[in-house]
Each structure stands twice: as structure tokens, then as C-alpha cells.
Amino acid sequence: MTPKLVPFAILFTLLAGDALVGTVSIAAAESAGTAVGPVIDVPAPQFRDSDNGAHRGGQASRIELDDPGRNATMSAWYRLAYIDGGTRLQVFEHSSATTRGPQSDTVQSENLAWLLANQALGRDTSPKSSRLPRWARIRTGNQTGSSAGLIFTLAYIDLLTAGPLVGNLRIAGTGGVGGDGVVTPASGIDAKTAAAILTRSDVIFATSRPDLIGNVTVVESHHTRTPDAGVTVGEWLNVGGFEQAGRNAADHPGTIAVVVVHDLRQALAWLCGRTNSTVICAAAHRTATIPIGAP
């Protein structure tokens with residue numbers, strides 16, 4: 001399997017050409033304070049819901065914690081959302097505090113992501129130790145849904161380790177996450193991918209191939225959740241193939257990879273190959289040999 005990568009300039013052209021270049025750069029917005037508002041806000045192509053044909057817009061929001069002092073120690077992670085009836089693509093560097101209650105899908109997704117991150121790192125996962133602390137709450141405003149579970153988990157692994165986990169790389173993604181590490185399918189992939197491209201992310205993790213882009217990294221693996229006898233979880237999920245895909249991507253700086261994943265382990269393996277980070281590779285190799293979360 002050879003991953004297919006596309007330069008940023010080509011991806012912008014695939015969307016709508018120069019009309020998609022925002023008037024405020026992301027770099028400038030990062031140093032402009034904490035005002036909540038889109039740093040890029042442009043017309044969206046004609047994305048439509050596959051069921052009812054309604055228009056959809058897309059948003060990419062940088063992961064930001066309630067405790068602002070801890071944000072500086074993390075890499076740039078972007079959660080993606082589609083907006084039914086929306087006609088814009090927007091990028092947010094800051095978000096307002098969460099207004100949803102503890103039983104909302106979004107908050108429950110954060111709680112599960114925190115537990116999975118601790119498990120992936122081999123940390124204490126007793127009920128008391130694995131409870132999401134107040135300082136680790138992610139600012140999600142009034143958004144709901146569980147499709148940010150994967151990116152929440154990766155961001156929490158970053159938070160629980162020293163320094164920015166992937167350095168200066170920018171990572172966007174969509175997909176919920178289950179207790180066993182499975183990444184659940186997400187809707188609105190085209191609108192979400194279009195918004196993610198505007199963040200100039202180095203990789204976009206998606207749960208299916210977007211129609212928007214023809215060149216997508218698809219690593220063959222089993223989609224069923226029960227490995228054959230004598231086969232490790234990692235072998236069943238072909239995490240070695242994802243790690244190699246990440247290494248191949250590292251040979252093409254200045255490009256963006258759109259990678260289809262079906263499990264947290266696959267995303268970790270790709271990031272291991274892309275960064276050669278001791279911390280990420282340790283988590284990737286550990287989770288590839290043992291189950292994490294509920295069976």
C-alpha cells in the first residue's frame with residue numbers, strides 16, 4: 001500500500017480556488033487573544049446530505065481546555081462538525097465553555113476519551129483516577145454529538161504526556177470512539193474534510209473516504225472486532241500498515257494526508273510512523289498487543 005498525498009495548494013483548488021482563502025490567517029489568530037469567532041469564514045461548496053439533500057456547512061475547532069494554562073503544552077488538534085443547512089466553512093481557534101449537561105453525548109464522549117487515553121498510556125484506570133478532572137474539560141460551547149471522540153482521545157494522550165505530542169504538526173479528525181477503541185462512523189465527511197483543509201492540517205483522520213478528494217490513504221484491515229485465534233489486535237487491524245503509511249507521509253512535508261481509520265490503534269500507529277515519537281510509538285505498540293477498554 002502506498003499512501004497518496006496531495007499538496008495543500010491543490011486541495012484548496014479542489015474546494016473552490018482562491019475564494020476560500022480567509023482574510024484572517026490562523027497564525028495571526030493564535031496570537032490575537034481568546035475571542036470566540038471564526039478566523040476563517042468562507043462560502044462552502046454545495047455539500048448536501050445524502051438522505052434529504054439539505055445543504056451542509058462545515059466547522060473545524062481547535063481543541064481548547066477550560067484551563068488556559070495547559071493549552072500551550074499541547075499540539076494543534078481540530079475537532080470537526082457539519083452544520084445542517086449551513087452554507088459556510090469556518091475555522092475556530094477558540095471556543096466558548098461547554099453549556100451541555102453531564103449526560104450529553106459530547107460530555108460523555110470526553111469522559112470515555114479520557115479513560116481510553118489513560119489506558120493507552122498504561123496509567124492507573126481505577127474509577128477515581130480515570131475520572132475526567134475539571135481542568136481537562138474541553139470547551140465545546142453548545143455543540144452536541146459524539147463524533148469528536150477520536151480527536152478527544154488523541155488530544156488527551158497529548159495532555160497526559162510532556163510537551164506537544166506531535167510537535168508542530170496539525171491534526172484534524174472526526175469519528176466517535178467506543179469503549180474498545182473502535183472508531184464509529186461519522187456523517188458529513190465531505191463538509192468536515194473541507195473545513196479541515198482550511199486549518200492546513202498535516203493529516204485528517206476520517207471514518208470513510210470523502211468524495212471531495214480522490215487521493216486518500218486507505219490501509220487494508222479487518223472491520224470485524226474479533227481477531228482470529230492466535231492473531232493479535234494489532235495484526236488484525238494492520239497497525240503495521242498504518243505505521244508504514246505514516247512513515248511514507250513523513251517523506252512528503254508540505255502535503256496533507258486524508259487517512260481512513262476504524263480504530264484508535266490505527267490512528268496512533270499512523271502518528272507513530274509520521275513522527276517517530278517515543279511516546280506515541282510506545283502507546284501505539286502497547287495497544288497493538290493488548291485490548292484496551294471494554295471487550
Side-chain angles (χ1 to χ4, degrees), residues 1-6 60 63 75 77-81 109 112-113 116-117 119-120 146-158 165-166 169-190 192-193 196-197 199 201-213 215-225 227 232-250 255-275 277 280-281 283-288 291-293:
M1 186 284 309
T2 301
K4 300 176 181 179
L5 308 169
V6 185
I63 297 292
S75 297
W77 307 90
Y78 289 88
R79 55 187 175 86
L80 308 176
S109 182
L112 178 56
L116 288 174
Q119 291 173 329
S146 60
S147 66
L150 171 62
I151 209 72
F152 283 166
T153 306
L154 296 173
Y156 279 147
I157 292 174
D158 187 358
L165 185 66
V166 295
L169 296 183
R170 311 173 78 88
I171 314 295
T174 186
V177 70
D180 58 354
V182 64
V183 174
T184 56
S187 300
I189 294 295
D190 281 309
K192 291 178 176 180
T193 302
I197 289 170
T199 69
S201 288
D202 296 274
V203 60
I204 303 169
F205 290 122
T207 60
S208 61
R209 180 191 296 270
D211 294 331
L212 170 71
I213 301 169
N215 295 327
V216 177
T217 301
V218 178
V219 180
E220 293 185 5
S221 67
H222 296 282
H223 291 181
T224 58
R225 303 304 304 160
T232 68
V233 173
E235 291 169 340
W236 191 252
L237 296 172
N238 192 15
V239 294
F242 281 89
E243 187 171 333
Q244 183 59 52
R247 291 194 197 99
N248 294 343
T255 62
I256 187 170
V258 181
V259 182
V260 176
V261 296
H262 304 288
D263 195 279
L264 169 64
R265 300 166 183 83
Q266 294 170 336
L268 285 172
W270 192 94
L271 290 173
C272 168
R274 177 64 175 83
T275 65
S277 160
I280 300 175
C281 290
H285 297 161
R286 181 180 183 278
T287 57
I292 61 173

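- Among residues two or more places apart in sequence or in another chain, the side-chain hydrogen bond (donor to acceptor under 3.5 Å, both in side chains) test is passed with Gln266 by Ser221.
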request  = Determine, step by step, whether Leu154 and Leu264 satisfy the side-chain contact (heavy atoms from CB on, under 4.5 Å) criterion, reporting the C-alpha distance in whole Å, the side-chain angles of both residues, the deciding distance to 0.1 Å, and the verdict.
outcome  = CA-CA 8 Å; Leu154 296 173; Leu264 169 64; 3.9 Å; yes
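- Residues Ile157 and Leu165 share a closest heavy-atom pair of CG2-CD2, 3.8 Å.
- In terms of the side-chain contact (heavy atoms from CB on, under 4.5 Å) criterion, residue partners of Val259 (sequence neighbours excluded) are, by chain and number, Val203, Phe205, Thr217, Phe242, Ala257, Val261, Trp270.
- With sequence neighbours excluded, the residues forming a side-chain contact (heavy atoms from CB on, under 4.5 Å) with Ser75 are Trp77, Asp158, Pro164, Val166, listed by chain and number.
- Note that the CG atom of Asp202 and the CD1 atom of Ile171 stand 6.0 Å from one another [nearest 0.5 Å].
- In this structure, Thr207 and Thr184 approach most closely via the heavy-atom pair CG2-O, 3.4 Å.
- Counting all heavy atoms, side chain and backbone alike, Gly178 lies closest to Leu112 at C-CD2, 3.9 Å.
- Distance check, rounded to the nearest 0.5 Å: NE2 of His285 to CD1 of Ile280 gives 11.0 Å.
- Residue pairs that meet the salt bridge (Lys or Arg N to Asp or Glu O under 4.0 Å) test with at least one member in residues 146-155, sequence neighbours left out, do not exist here.
- Nearest heavy atom pair, residue Val183 against residue Gly175, reads CG1-CA, 3.9 Å.
- To the nearest 0.5 Å, the span separating OG on Ser109 from CG on Leu116 amounts to 9.5 Å.
- The line from CG of Leu237 to CG of Asp263 is 4.5 Å long, rounded to the nearest 0.5 Å.
- A donor-acceptor pair under 3.5 Å is absent between the side-chain atoms of Ser201 and the main chain of Ile204, judged by distance alone.
- Annotation for Arg286 and Gln119: closest pair NH1-O, 2.6 Å, computed over non-hydrogen atoms.
- Residues passing the side-chain contact (heavy atoms from CB on, under 4.5 Å) test with Thr287, sequence neighbours excluded: Ala120, Arg265, Leu268, Ile292.
- Although no hydrogens or angles enter the test, the distance criterion places no donor-acceptor pair under 3.5 Å between the side chain of Lys192 and the main chain of Gly173.
- For Arg79 (side chain) and Ser147 (main-chain N/O), no donor-acceptor pair under 3.5 Å exists by modelled atom type.
- Remark: Phe152 pairs with no residue by the ring pair (Phe, Tyr, Trp, His ring centres under 6.0 Å) rule, at least two apart or across chains.
- Of all the heavy atoms in Thr193 and Pro210, the pair that sits closest is OG1-CB, 3.8 Å.
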